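Below is one structure, written out as structure tokens; comments come after it.
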Amino acid sequence: MAVRNKLLGYVINLGDAGVEIIVEGSEKDIERFLVDVEENAPEVSEIEGIKKEYREYTGNYSNFIIDKSKKTGKVASGIYPPDIGICPECLKDMENTEGRWYEYPFTACAWCGPRFTSVKQLPYDRERTHMHDFPMCNDCEHDYYDPMDRRFDAQGITCSQCGPTMGLYDASGKRIAVDDVFTETAKYILEGLIIAVKGIGGIHLASLATRDDVLEEFRRRKDRKNQPYALMSPDLESIKQYAEFSQIEKKYLTSWRKPIVLLRKKHRVISDLVAPGLDTVGVMLPYTGIQTMLFKRLDEPALVMTSGNRRGLPMSITNEAALKELGGLADYFLLHNRDIINRSDDSVIRVIDGKPAFTRRSRGYVPDPINIPIQKGIAISLGAELRNAAAIATNGKVFMTQYLGDITSLEGLEFEKDAIQTMRDLLNITRNPDVMGCDLHPDYMTSQYGQVISQEMDIPLVKSQHHHAHITSVMAEHMIKDEEVIGIALDGAGYGADGQIWGGEVLKSGYSGYERVGQLEYLPMPGGDLCAYHPYRMLIAGLSKVFSDDEIRDITKNHINHVLPHGEQELNVILQQSHSNLTLRTSSFGRVLDAVSGFLGLTYYRSYEGEPAMRLEAFATKGGYNKITYNPLINYNNGIYILNTSNMLKYVLNNVNKHKKQDIASFSQKYLSEGMVKIADSVSNDTGINKIAISGGVFVNEFITSYITKELEKLGHTVLRNKYVPPGDGGSALGQAVTALHHVI
Ligand SMILES: [Zn+2]
Ligand SMILES: [Zn+2]
Ligand SMILES: [Zn+2]
């Protein structure tokens, strides 16, 4: 733009996500340039503000250049872009039969291509990225130094003469000699085979999405009975064949960040086994040249595109690991010889009331910083356990790591350590942090690691109560400073301050402390964690508070006997445990949803986290919540409002024949939501606090999120939701980091 406007000078990265531009020329040209910068900025750029200052003319410049970035020693803040989906101009180049990029899938320019996943170290120069093995050819070098070229100063510049190449391998790792790997891969896919496809942040497993037999085989191999698979479609028209999307969902689908967006399913075209029992399906558009090439060779509305990992382990990223770890899963491997430096899974969002709720924040978003209201100090926080992400807070910003998955194995913990180190390197943080944050749960691997590492570094470790961290994550995102909010934290399970399992909490919350002012009724958890896997255990536990054992024996005969693998004997043990004082108790919102899901026969065994509640949500959309009138029972006890859930279960059971099952599903979600609204409203009346923060894994449920928000707003409250991090445990580390900083400043 500077050259187009006949200006001389330079632009340089300041290392804080800002740039300094010095230009000389006529005032008219300079003013036009400034308008140009604002109005014609590339989609991927973000202009927070422009400060301009006129100085004396020097005549020092003979051209306009991009000056090399300064290697500064200070802690940077906002340094490095996320991965950018391939841009329309590069796609055009791939269609041009005359050019160096015809069907060349690695093409990238200054506006697009891998970023976070490609970088080893800063400053961001080619030698320190995954392109260092591929020196530029003369043509690329020419473009690289031509300020009028789209590839000017693009570190990822490459072409078919000098860049990476694709290779197709069979399951034994033998390279298959073919003229065109994409044609051959497409052929295998059409035959119903499963192909590992290496991309930019990881390796996908791809297959047809239309054939039940293919999906059955896929699930058998992956040992994932019901977990929903994401789809990739070549374009919006193809998506329309099997899913609906709004204008806002379309905006996210087509944005350069290219997340997976959860869309409402239409029951056509796509196999039901893609997302069994759910009414939504995760969909994304191609964001690499490789994916584009595959779809060009196929005529399919969608392909399954799921992360290539062994159950419970991080996704494979090297060719060797892929062949080893995904052997037995994939029939063929479409790989390339460019390294993936930083693993990054696809991001997943759901649009609720026009605003995104992340279920996974990774590729396309990481490492974008999040502004927080504390400037001083450096904190590292480790998150919780499942679907985790860690965080580093520095200079008034929090940097979340990419999605880490479940930290329940040594491999998972290693990945977390690496991800934190990478983030430290990118931020140039060489000194020890001032404080560390982790979850209060004594058994999480992340908490235990926090204990060890904070002792080694001799810095304080601040343990956040799980649900408090959910609430402080929202507070920080909304730049709340010293005031308190009312927090509604709803999820599956978190370690409570009283040693019980919390999960349906209303907290009066600041950053350093909180007061528990509301909760769901405690229900026993017979068999502890087993309850999370067997929803009927929670059901029996809930009923044990309102029915006699004999009544429950009668009920289970009618309703759930066949799902108790060990029959009567098992039931007796569950009842015994339910009455025992030694059994853990839980106020979990998710577990009550599970109990209803089990009762309605939607889920007897949870095959992935959140399944019972997700199935219940899908089922409830077919029912009407106001077909059943039964108001929330709330008791006030020792300063805490307690929403009764056992009587709700009793009511449902006693009236099961009077209502459609769909209506019961819908009613139960509404009963619980309405209860939380009433409690929060009462707390607001008691305290005068009017801002209500809602967070926790339940807030990816569209009905519950929307209902609670709207009802609270009707009562005149301001409702705050997570904006940039998941409301689920992938956002915990943000809250932990801010709370940790509050303990040391
Ligand atoms: Zn491009
Ligand atoms: Zn080249
Ligand atoms: Zn949680």
Side-chain angles (χ1 to χ4, degrees), residues 42-44 81 83-94 99-102 104-115 126 131 134-145 149-165 200 256 287-289 292 359 383-389 406 439-441 444 446 464-474 487-496 501-505 507 532 586-591 609-610 613 694-700 722 725-736:
E43 204 198 340
V44 296
D83 300 297
I84 305 163
I86 188 166
C87 75
E89 294 301 314
C90 283
L91 285 173
K92 259 189 239 164
D93 286 340
M94 286 177 65
R100 286 157 32 228
W101 300 284
Y102 178 63
Y104 184 66
F106 298 95
T107 179
C109 69
W111 300 349
C112 79
R115 297 286 190 275
R126 192 180 181 87
M131 293 306 293
F134 306 99
M136 285 183 266
C137 66
N138 289 340
D139 291 334
C140 282
E141 212 167 287
H142 176 267
D143 296 346
Y144 182 83
Y145 290 108
D149 195 280
R150 210 174 78 246
R151 292 177 173 84
F152 174 52
D153 201 46
Q155 304 306 323
I157 185 175
T158 187
C159 76
S160 54
Q161 299 163 18
C162 63
T165 50
I200 61 168
W256 59 266
Y287 54 85
T288 69
T292 309
T359 60
E385 182 177 57
L386 302 178
R387 310 177 65 75
N388 202 27
D406 298 349
D439 196 281
L440 185 64
H441 203 307
Y444 284 172
T446 52
S464 278
Q465 195 282 323
H466 186 88
H467 303 96
H468 183 226
H470 278 313
I471 298 308
T472 50
S473 77
V474 182
I488 302 179
L490 308 177
D491 64 6
Y495 191 80
I501 305 302
W502 294 9
E505 314 305 318
L507 310 175
T586 185
S587 53
S588 164
F589 196 94
R591 288 298 95 82
E609 211 220 341
I694 59 175
S695 188
V698 167
F699 288 105
V700 294
N722 285 107
V725 299
D729 291 359
S732 302
L734 171 59
Q736 291 171 0

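Since we're looking at a predicted model, the values are computed, not measured. Positions are given from 1, in the same order as the sequence printed here. As the structure lists them, so they are numbered: ligands from 1, and atoms in each ligand from 1.
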Exactly one candidate in H466, R591, E505 meets side chain to side chain contact (heavy atoms under 4.5 Å, CB included) with D491; the answer is H466
Paired with R150, the side chain to side chain contact (heavy atoms under 4.5 Å, CB included) test is passed by just one of I157, D93, D143, namely D93
- Message: Taking the side chain as everything from C-beta on, heavy atoms only, tell me whether W111 gets closer than 4.5 Å to I84.
- Response: no
Does L440 form a side chain to side chain contact (heavy atoms under 4.5 Å, CB included) with H468? I'd like the steps, not just the answer. CA-CA 10 Å; L440 185 64; H468 183 226; over 6 Å; no
**Asked** Is there side-chain contact between V700 and P727, with heavy atoms separated by less than 4.5 Å?
**Response** yes
On the 0 to 90° scale, with breaks at 30° and 60°, tag the Y495-H441 ring pair as parallel, tilted or perpendicular.
tilted
Practice item. Using distance alone, with no hydrogens and no angle criterion, decide if S473 and N722 have a side-chain donor and acceptor under 3.5 Å apart. Key: yes
With T107 as partner, the option from E89, R151, R100 fulfilling side chain to side chain donor-acceptor pair (under 3.5 Å) is R151
Protein N/O/S atoms closer than 2.8 Å to the Zn ion (ligand 3), ordered by chain and number, come to H466 NE2, H470 NE2, D491 OD2, D729 OD1
C137 SG to C162 SG via the Zn ion (ligand 2), rounded to 10°, gives 110°
Nearer than 2.8 Å to the Zn ion (ligand 1), the protein contributes N, O or S atoms numbering 4
Vertex the Zn ion (ligand 2), ends C159/SG and C140/SG: angle to nearest 10° comes to 100°
**Q.** Student check: side-chain heavy atoms of W101 and C90 closer than 4.5 Å
**A.** no
Check your understanding: Counting only N and O atoms by type, is there a donor-acceptor contact under 3.5 Å from the side chain of T586 to the main-chain atoms of I501?
Key -> yes
